[in-house]
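We use all heavy atoms of the structure for the numbers below, so side chains are in, but hydrogens, waters and symmetry mates are not. As the structure lists them, so they are numbered: ligands from 1, and atoms in each ligand from 1.
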Amino acid sequence: TKMKVSVSVSLLLLCFVCRVKAVTIESCPLATGNLLRTEVEKTLTLTCITDEGIDPSNQNELQWFRNGARVNLAEENRWSRSSLCVQPVTKEDNGVVFICQLKGDASVNSSIEFDVQYPPDLNDTKEVFVEETSDVVLSCDVRANPPVTVAWKKDGEVLDLTSGSYKTTNNGITAQLSITKAKRDVHQGTYICEVNSSVYGIMGRTFNVTVEDKVLRFPVGPTIAGVVVVLCTIVFALISRRNKIIKCIKPN
Ligand SMILES: *[C@@H]1O[C@H](CO)[C@@H](O)[C@H](O)[C@H]1NC(C)=O
Ligand SMILES: *[C@@H]1O[C@H](CO)[C@@H](O)[C@H](O)[C@H]1NC(C)=O
Ligand SMILES: *[C@@H]1O[C@H](CO)[C@@H](O)[C@H](O)[C@H]1NC(C)=O
Ligand SMILES: *[C@@H]1O[C@H](CO)[C@@H](O)[C@H](O)[C@H]1NC(C)=O
């Protein structure tokens, strides 16, 4: 029995001495591993808690970092336990990493990463006017998390991109459809960049494209040049006749 007690006591001591120092982050809503999934406009709270293994008297001051930048904490929100509130969550918070660490020992730390879901900002109609034989570009902001797929449709049907008069690009931020040398019978109509989100479903921006007659504009540049030439001619004519005019007024 003596032996057993002594072993227990030493185990207990051992436990106390080599207790691993740690900080843990609790979040609301709950994170999966260290990934916290949320949506824009939501409110999040993060609470960093020191393990009891940390000497409560002076070594338990906590620090928070948001993407490496220190977060200012009120004096009463630093010791043993520290809470942050993120409100409202924005698109810019997507991918942000928060780290909580002991001020005196940065190796005692814990981190959490935000996965902010948001739909693309696309739910409107644009009126587009283009002259015959001119070019036009239709643009959609397709930024979203999770990323979306994009399909271009004209009058309800998926566009045939092999015909050559259309070109599409999509860099994950902006999706564009370029029309070169617009022709009314081919290009006029209602276009849509239809995005498909696994979370938010189908959305899109509608473009009502009207192909207008080519306007024969009054050529401003050449007109001005012409007027200048005419004016100069008149001035030179007057100057060359000046002597004669003066002579007429002041006869010798
Ligand atoms: C967090 O702690 C680990 C080891 O526990 C260390 O490698 C890492 O550099 C620490 N991170 C920071 C930001 O100090
Ligand atoms: C799109 O806009 C219409 C009217 O402006 C609105 O009723 C609808 O809820 C919006 N849809 C989305 C997905 O935002
Ligand atoms: C949207 O994508 C899902 C798969 O993510 C697919 O099952 C569905 O048919 C798509 N809808 C349209 C209209 O393309
Ligand atoms: C598109 O434009 C045409 C001509 O300007 C107009 O008649 C039509 O009502 C418009 N459609 C929509 C959906 O705005």
Side-chain angles (χ1 to χ4, degrees), residues 17-27 31-37 39 46-55 58-73 77-84 86 93-125 138 140-162 166 168-170 172-177 189-207:
V17 170
C18 50
R19 177 161 205 149
V20 181
K21 287 192 198 175
V23 292
T24 47
I25 296 175
E26 290 176 357
S27 67
T32 314
N34 69 345
L35 196 65
L36 179 52
R37 174 161 293 173
E39 288 184 279
L46 304 178
T47 304
C48 185
I49 300 159
T50 54
D51 188 270
E52 289 129 45
I54 294 165
D55 177 0
N58 57 8
Q59 293 178 355
N60 62 355
E61 184 172 355
L62 295 168
Q63 287 182 324
W64 279 103
F65 291 85
R66 180 193 187 275
N67 274 359
R70 192 145 67 85
V71 178
N72 283 328
L73 297 175
N77 191 24
R78 295 182 190 173
W79 304 93
S80 300
R81 184 183 180 91
S82 177
S83 295
L84 294 183
V86 180
D93 291 321
N94 188 36
V96 159
V97 175
F98 276 91
I99 295 176
C100 174
Q101 67 185 38
L102 275 186
K103 189 181 179 189
D105 185 355
S107 72
V108 181
N109 63 53
S110 182
S111 69
I112 196 160
E113 183 176 346
F114 286 4
D115 177 25
V116 181
Q117 297 195 327
Y118 57 92
D121 185 14
L122 277 181
N123 184 26
D124 54 2
T125 302
L138 310 180
C140 291
D141 182 348
V142 294
R143 266 174 302 175
N145 182 34
V148 292
T149 57
V150 182
W152 286 95
K153 293 186 176 176
K154 177 174 183 281
D155 301 325
E157 288 182 21
V158 176
L159 264 189
D160 176 15
L161 298 173
T162 59
Y166 297 110
T168 59
T169 60
N170 180 6
I173 296 168
T174 309
Q176 294 189 320
L177 175 73
T190 302
Y191 293 76
I192 184 168
C193 64
E194 193 180 89
V195 303
N196 189 354
S197 162
S198 56
V199 172
Y200 300 97
I202 305 288
M203 268 171 294
R205 166 175 280 178
T206 304
F207 301 87

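Using a 3.5 Å distance cut-off with no hydrogens or angles, the side chains of Trp64 and Ser82 do pair a donor with an acceptor.
Ile112 is listed as a side-chain neighbour of Ser27, based on a closest heavy-atom distance under 4.5 Å.
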**Report entry** Step-by-step side-chain contact (heavy atoms from CB on, under 4.5 Å) determination, Thr24 to Asp51
**Finding:** CA-CA 8 Å; Thr24 47; Asp51 188 270; over 6 Å; no
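Of the candidates Asn196, Val195, Ile202, the one placing a heavy atom closest to atom 6 (C) of ligand 3 is Asn196.
Residue contacts with ligand 3 for Thr149 are absent, since no atom lies close enough (heavy atoms, distance under 4.0 Å).
Panel note: side chain Asn196, backbone Thr149; no donor-acceptor pair is recorded below 3.5 Å. No side-chain donor-acceptor contact under 3.5 Å links Ser111 to the backbone of Ile99.
When every heavy atom of Asp141 is checked against every heavy atom of Pro120, the shortest pair comes out as O-CB, 3.9 Å.
Every N/O-N/O distance between Glu194 and ligand 3 stays at or above 3.5 Å. For a threshold of 3.5 Å applied to N or O pairs, the pair formed by Ala106 and ligand 1 contains at least one separation below that value.
Summary of contacts: the protein heavy atom closest to atom 8 (C) of ligand 1 is Asn109 ND2, 3.7 Å. The protein non-hydrogen atom at the shortest distance from atom 4 (C) of ligand 1 is Ser107 O, 3.7 Å.
For atom 11 (N) of ligand 3, a protein heavy-atom neighbour is present inside the 4.0 Å cut-off. Remark: atom 14 (O) of ligand 3 lies closer than 4.0 Å to at least one protein heavy atom. For atom 2 (O) of ligand 3, a protein heavy-atom neighbour is found at a distance under 4.0 Å.
Between Arg78 and the choices Lys103, Gln63, Glu61, the side chain to side chain contact (heavy atoms under 4.5 Å, CB included) rule is met once, by Glu61.
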